[in-house]
A.B. asks: 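Once you've had a glance at the structure underneath, I'll fire off some questions.
Quick note: numbers below take in every heavy atom, side chains included, and nothing from hydrogens, waters or symmetry partners.
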Amino acid sequence: QLQLVESGGGLVQPGGSLRLSCAASKFILDYYYIGWFRQAPGKDREGVSCHSSSDGSTSYADSVKGRFTISRDNANNTVYLQMNSLKPEDAAVYYCAAVPISRGVLLPSSLCVPRTFNSWGQGTQVTVSS
C-alpha cells in the first residue's frame with residue numbers, strides 16, 4: 001500500500017515562504033494523480049494544487065495561484081509544494097494525496113477534490129502569524 005509522509009510545515013510570518021515535501025513509499029511519479037490539500041479548523045478540506053503525471057498538467061486553487069508551486073523530484077519519489085507570500089488565511093494542516101491513473105488519461109481540474117484520492121499522508125501544520 002502506498003504511504004505518503006509530509007514534512008516541512010512550521011511557523012512563518014506573513015509574507016514568508018515554506019516548502020512542503022511529500023515522500024512516497026514507492027515510485028508514484030508515473031501514472032499517478034497527486035494533490036496537495038489543506039484543512040483549517042472548522043472548515044472542509046480543500047484542494048490547493050494537483051498534478052497529473054499522465055499529461056503533466058497542474059492545477060491550482062484561485063486563492064494560491066501565483067504564490068504556490070507544485071513540483072516533483074523523480075529520483076527521490078517526492079512531491080513538493082513551494083509556498084511563497086504566505087498569508088494568515090493559508091494557515092492549515094496540509095496533506096498530500098495520490099491515486100493511480102491510467103496512462104494518457106486527461107484529468108480536469110474539477111477532480112482536484114478529496115474524494116478523488118485514495119492514499120493520504122498524515123498532514124503537516126502550517127501556521128502563518130506575526
Side-chain angles (χ1 to χ4, degrees):
Q1 181 169 344
L2 177 65
Q3 293 183 334
L4 303 170
V5 179
E6 303 96 334
S7 61
L11 172 63
V12 63
Q13 292 184 343
S17 298
L18 282 174
R19 189 178 76 160
L20 305 183
S21 300
C22 174
S25 59
K26 63 179 182 180
F27 192 65
I28 65 167
L29 299 176
D30 278 348
Y31 315 129
Y32 269 85
Y33 192 43
I34 302 162
W36 281 100
F37 294 82
R38 65 187 182 187
Q39 188 166 20
K43 295 188 176 181
D44 292 336
R45 191 170 297 188
E46 64 173 348
V48 174
S49 179
C50 289
H51 170 76
S52 170
S53 58
S54 175
D55 64 354
S57 62
T58 299
S59 64
Y60 295 94
D62 288 342
S63 59
V64 306
K65 281 180 181 176
R67 300 188 298 121
F68 290 13
T69 303
I70 191 170
S71 63
R72 65 191 204 188
D73 180 346
N74 290 2
N76 293 303
N77 294 346
T78 302
V79 178
Y80 301 101
L81 184 69
Q82 178 67 43
M83 306 187 296
N84 298 329
S85 302
L86 282 161
K87 305 176 182 180
E89 53 263 41
D90 293 318
V93 178
Y94 282 71
Y95 300 88
C96 67
V99 62
I101 57 177
S102 298
R103 180 178 182 177
V105 168
L106 301 180
L107 300 176
S109 60
S110 58
L111 288 182
C112 188
V113 293
R115 65 178 180 271
T116 298
F117 297 84
N118 59 10
S119 293
W120 289 85
Q122 83 290 347
T124 185
Q125 177 72 50
V126 171
T127 303
V128 184
S129 175
S130 55

A.B. asks: Flag yes if Y94 and V12 sit in one hydrophobic cluster, no otherwise; membership is Ile, Leu, Val, Met, Phe, Trp, Tyr, and two members link when side-chain heavy atoms are under 4.5 Å apart.
C.D. replies: yes

A.B. asks: At what distance, to the nearest 0.5 angstrom, does CG of L20 lie from CD of Q82?
C.D. replies: 8.5 Å

A.B. asks: Mind listing the closest non-hydrogen atom pair of A61 and G47 along with its distance?
C.D. replies: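 For A61 and G47, the tightest heavy-atom pair comes out as CB-O, 3.5 Å.
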
A.B. asks: Mind checking whether T69 and Y80 have side chains closer than 4.5 Å, heavy atoms only?
C.D. replies: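 Not in contact.
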
A.B. asks: Could you tell me whether D62 and K65 make a salt bridge, using a distance below 4.0 angstrom between a side-chain N and a carboxylate O?
C.D. replies: yes

A.B. asks: Evaluate the side-chain contact (heavy atoms from CB on, under 4.5 Å) criterion for residues N84 and S17: first the C-alpha distance (whole Å), next the side-chain angles of each, then the deciding distance (0.1 Å), finally the verdict.
C.D. replies: CA-CA 4 Å; N84 298 329; S17 298; 2.9 Å; yes

A.B. asks: Which pair of heavy atoms, one from S53 and one from R72, lies closest together, and at what distance?
C.D. replies: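 Taking S53 first and R72 second, the nearest heavy atoms are CB-NH1, 3.5 Å.
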
A.B. asks: When clusters are formed by joining ILVMFWY residues with side-chain heavy atoms under 4.5 Å apart, either directly or through shared neighbours, do V99 and V105 land in the same one?
C.D. replies: yes

A.B. asks: Do other residues, nucleotides or ligands put more than 12 heavy atoms under 6.0 Å from the CD atom of Q3?
C.D. replies: no

A.B. asks: Locate the shortest heavy-atom distance separating T127 from A91; write the atom from each residue and the value.
C.D. replies: CA-CB, 4.2 Å

A.B. asks: Name the one of S129, P88, S85 that satisfies side chain to side chain contact (heavy atoms under 4.5 Å, CB included) with P14?
C.D. replies: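 Considering S129, P88, S85, a side chain to side chain contact (heavy atoms under 4.5 Å, CB included) with P14 is found only for P88.
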
A.B. asks: Could you grab the distance from atom CD of E46 to atom CD of Q39, nearest 0.5 Å is fine?
C.D. replies: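 E46 atom CD to Q39 atom CD measures 9.5 Å (nearest 0.5 Å).
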
A.B. asks: Using ring pair (Phe, Tyr, Trp, His ring centres under 6.0 Å) as the criterion, list what pairs up with F117, not counting sequence neighbours.
C.D. replies: Y33, F37

A.B. asks: Any chance you could measure S21, atom OG, to L4, atom CG, to the nearest 0.5 Å?
C.D. replies: 12.5 Å

A.B. asks: Quick one: does R38's side chain get under 4.5 Å of V64's, heavy atoms only?
C.D. replies: yes

A.B. asks: Looking only at heavy atoms, what is the nearest atom pair of L86 and R67, with distance?
C.D. replies: CA-NH1, 3.9 Å

A.B. asks: Once you round to the nearest 0.5 Å, how far does OG1 of T78 lie from CD1 of I34?
C.D. replies: 10.0 Å

A.B. asks: Any chance you could measure N118, atom CG, to L2, atom CG, to the nearest 0.5 Å?
C.D. replies: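 Separation between the atoms: 8.0 Å.
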
A.B. asks: Closest heavy-atom contact between S49 and S59?
C.D. replies: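 The answer is OG-O, 2.9 Å.
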
A.B. asks: About how many Å separate CD of E6 and CH2 of W120, when rounded to the nearest 0.5 Å?
C.D. replies: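 It is 9.5 Å, given to the nearest 0.5 Å.
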
A.B. asks: Give the minimum heavy-atom separation between Y95 and G121, together with the two atoms involved.
C.D. replies: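 Smallest heavy-atom distance, with atoms named: CD2-O, 3.6 Å.
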
A.B. asks: Less than 4.5 Å apart, any side-chain heavy atom of V126 and any of M83?
C.D. replies: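 Sidechains of M83 and V126: in contact.
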
A.B. asks: Could you check if a side-chain atom of S52 sits within less than 4.5 angstrom of a side-chain atom of I101, using non-hydrogen atoms only?
C.D. replies: yes

